[in-house]
2 protein chains.
Amino acid sequence: MSRKAFRRLTLDERKRTLLEATLTCVAQQGLKGATVRRIAEEAGVTAGLLRHYFGSKNGLITSAYAYLIGQLTAEAETRARQSTGDANDQLRHFLIANMTMPNLSEEKVSLWATFIGRVRYETDFADIHREGYRDYLSLLEGLIEPVLAAHGLPRSAAACRRHAIAVNGLIDGLWMEGSLNSGLYSRAILPDLVTEACERLLELPAGSLSGEKQPT
Amino acid sequence: MSRKAFRRLTLDERKRTLLEATLTCVAQQGLKGATVRRIAEEAGVTAGLLRHYFGSKNGLITSAYAYLIGQLTAEAETRARQSTGDANDQLRHFLIANMTMPNLSEEKVSLWATFIGRVRYETDFADIHREGYRDYLSLLEGLIEPVLAAHGLPRSAAACRRHAIAVNGLIDGLWMEGSLNSGLYSRAILPDLVTEACERLLELPAGSLSGEKQPT
DNA sequence: AGTGTAGTTATACATTTGTATAAAATTGTG
DNA sequence: CACAATTTTATACAAATGTATAACTACACT
């Protein structure tokens, strides 16, 4: 009996492989199904490697959570910045990024919820959550402020913050229910729904965000 | 060595005891910490009873999820109906019920998130989620419609539905982030924030929901 | 008070899990 | 091509977990 043949990977490659295998497993069967053995199998390695790279299973899971949050925020931020348009356009793309794939996915929301469930009683998770939320809120605030400016609306720091909190709530809630997709409505309505709702939250003229700025 | 003394309870009493012990355990350490032994200890019984009443651990966890959702919706509905005021007042109380204790609690959100994480891959959980979401949405729709009517706003079935989806998203998102309370802002701002945001979402005159209708 | 019933306890058991450690194989370097 | 470094595998092990089942006991009813 010979040993299993293997290939060495760089530290970053290997870590990413393991993190993605972890997320795959958690998404499929929750934390309960994410055993070191199953994750290792998913990654095509043996169980010992997980400890080698992440110290313990907990270390791996924690890193996977941070990895996921990073992905979600980066995707939304990238889509906003990719937009070459004005402030309205950037905010619109940010909103839509959260209401379409890849962010709007049952898998992503399941992962996110599973991890959120641990924020309360595990310090590591609480730290990652707090930091991720803070980053996301700042990002959103930074997108909202120039939109208010463009429409000549009040834009004190306090006002921007309140708006960001509300809009973030709207995004989170729609993202969640939309991703889980209870079948009560089609996901396809979400991009328009969120932009229109955001216009009203910020008291922008109708069509500022949802208008036909990008004809077919 | 004598056996442990015990008291017989009615079926409903015992079930409720076990369900609440389950939620307590899940809230404290997540599903991982909610072992049959720990739950039994929390409930002051021995492990065998759980299977006796719920068939299996999975049956118990599933029932606990349904129990939680029922609690959350019932609390909000009760607070809305308790309000003796007009339609605006009822909607306001509904909103506020979700932004104050007992619904706005880290424990409740943690439980909810933990369970939501299983909706994707477990049929039982998906069913409970879908049904709970549908009920909640109908409830909200039923509160929104008369408010729109009172203000002479369009209130087609489609419009009410869209508004309910958006407002529900807002509530869910704020409820979550507010309960987890990252320390970025005080929970105390949420009742006003949600009512004002809802006014704008529904395009009501400012103060319709948040106004000083109930002087000290 | 006696008696049956089913609510409740107590114990056993196979399986799974995370961790630890030693052995082996891959790869870059001289 | 040999050697060293360290990535990766393979095996062992104690602890914990869900389930199954038999024994006991509280309580209602006669």
Side-chain angles (χ1 to χ4, degrees), chain A residues 1-26 28-65 114 118 121-122 124-125, chain B residues 1-26 28-65 114 118 121-122 124-125:
Chain A
M1 301 267 288
S2 70
R3 282 198 157 200
K4 174 183 175 186
F6 61 88
R7 228 184 99 225
R8 298 179 114 147
L9 294 188
T10 67
L11 186 130
D12 283 347
E13 284 174 324
R14 184 58 79 194
K15 278 200 166 186
R16 213 165 48 88
T17 301
L18 298 180
L19 290 174
E20 264 155 17
T22 304
L23 292 183
T24 300
C25 288
V26 176
Q28 279 172 357
Q29 314 217 40
L31 288 171
K32 188 180 171 182
T35 67
V36 289
R37 286 167 178 81
R38 209 189 302 259
I39 295 171
E41 186 189 20
E42 175 73 29
V45 300
T46 53
L49 259 199
L50 306 188
R51 288 196 71 243
H52 187 272
Y53 280 102
F54 294 95
S56 70
K57 185 194 172 183
N58 224 11
L60 173 62
I61 300 289
T62 305
S63 301
Y65 175 38
T114 302
R118 298 180 67 164
Y121 58 93
E122 295 210 19
D124 295 344
F125 282 77
Chain B
M1 302 270 287
S2 71
R3 284 199 155 199
K4 174 183 175 186
F6 62 89
R7 228 184 99 224
R8 301 180 117 154
L9 293 188
T10 67
L11 187 129
D12 282 345
E13 283 174 324
R14 184 59 80 195
K15 277 200 167 185
R16 210 164 51 88
T17 301
L18 297 180
L19 290 175
E20 263 155 18
T22 304
L23 292 183
T24 299
C25 289
V26 176
Q28 279 172 357
Q29 315 218 40
L31 287 171
K32 187 180 172 183
T35 68
V36 289
R37 286 169 178 79
R38 208 188 302 257
I39 294 170
E41 186 189 19
E42 175 73 28
V45 299
T46 53
L49 259 199
L50 306 187
R51 289 196 69 246
H52 187 270
Y53 281 101
F54 294 95
S56 70
K57 184 193 173 183
N58 223 10
L60 173 62
I61 300 289
T62 305
S63 301
Y65 176 37
T114 301
R118 300 180 67 164
Y121 57 93
E122 295 209 18
D124 294 343
F125 282 77

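All values reported here derive from a predicted model rather than from experimental measurement. Letters A, B, ... are given to chains in the order of the sequence lines, protein chains preceding strands, and every chain is numbered from 1.
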Can you tell me how far apart [atom1] ([X]) and [atom2] ([Y]) are? Round to the nearest 0.5 Å.
X        : Y       : atom1 : atom2 : result
A:Ile39  : A:Leu18 : CD1   : CG    : 9.0 Å
B:Leu60  : B:Leu50 : CG    : CG    : 5.5 Å
B:Tyr121 : A:Gln29 : OH    : CD    : 7.5 Å

For residues 6-15 of chain B, which side-chain donor-acceptor pairs fall under 3.5 Å, sequence neighbours excluded?
from    : atom 1 : to      : atom 2 : distance (Å)
B:Thr10 : OG1    : B:Glu13 : N      : 3.3
B:Thr10 : OG1    : B:Glu13 : OE1    : 3.2
B:Glu13 : OE1    : B:Thr10 : N      : 3.1
B:Arg14 : NH2    : B:Arg7  : O      : 3.0

Next on the checklist: Testing the basics here: between A:Ala43 and A:Ala21, what is the closest heavy-atom pair and its distance to 0.1 Å?
Outcome noted: CB-CB, 3.6 Å
Checklist entry - Who pairs with B:Phe54 by ring pair (Phe, Tyr, Trp, His ring centres under 6.0 Å), at least two apart in sequence or on another chain? => result none
Could you state the [atom1]-[atom2] distance from [X] to [N], rounded to the nearest angstrom?
X       : N      : atom1 : atom2 : value
B:Leu31 : D:dT17 : CG    : C1'   : 14 Å
A:Lys32 : D:dA16 : NZ    : P     : 18 Å
A:Glu41 : C:dT16 : CD    : P     : 13 Å
B:Gln29 : D:dA16 : CD    : P     : 13 Å
B:Arg51 : C:dG7  : CZ    : P     : 15 Å
A:Leu49 : D:dT9  : CG    : P     : 5 Å
A:Leu50 : C:dG18 : CG    : P     : 9 Å

Item to check | Sorted by number, the residues of residues 52-64 of chain B with heavy-atom contact under 4.0 Å to DNA chain C | outcome: B:His52, B:Tyr53
Checklist entry - Could you give all pairs that pass the side chain to side chain donor-acceptor pair (under 3.5 Å) test and reach residues 31-45 of chain B, with sequence neighbours left out? => result none
Checklist outcome for this item: Contacts satisfying side chain to side chain donor-acceptor pair (under 3.5 Å) that involve residues 43-60 of chain B (not counting sequence neighbours) are B:Asn58-B:Arg118
Item to check | Contacts of A:Ala40 that satisfy side-chain contact (heavy atoms from CB on, under 4.5 Å) - sequence neighbours left out | outcome: A:Val45, A:Ala47
Item to check | Results of side-chain contact (heavy atoms from CB on, under 4.5 Å) for B:Thr114 - residues two or more places apart only | outcome: B:Val26, B:Leu31
Checklist entry - Along nucleotides 22-30 of chain D, 5' to 3', which nucleotides get a B, which get an S, and which get a -, given that the test is a protein heavy-atom distance under 4.0 Å? => result -BBSBB---
Checklist entry - Taking only residues two or more places apart in sequence or in another chain, which ones pass side chain to side chain donor-acceptor pair (under 3.5 Å) with B:Glu20? => result B:Tyr67
Checklist entry - Which ones in residues 33-40 of chain B lie close to DNA chain D, meaning a heavy atom under 4.0 Å from one of its atoms? => result B:Thr35, B:Val36, B:Arg37
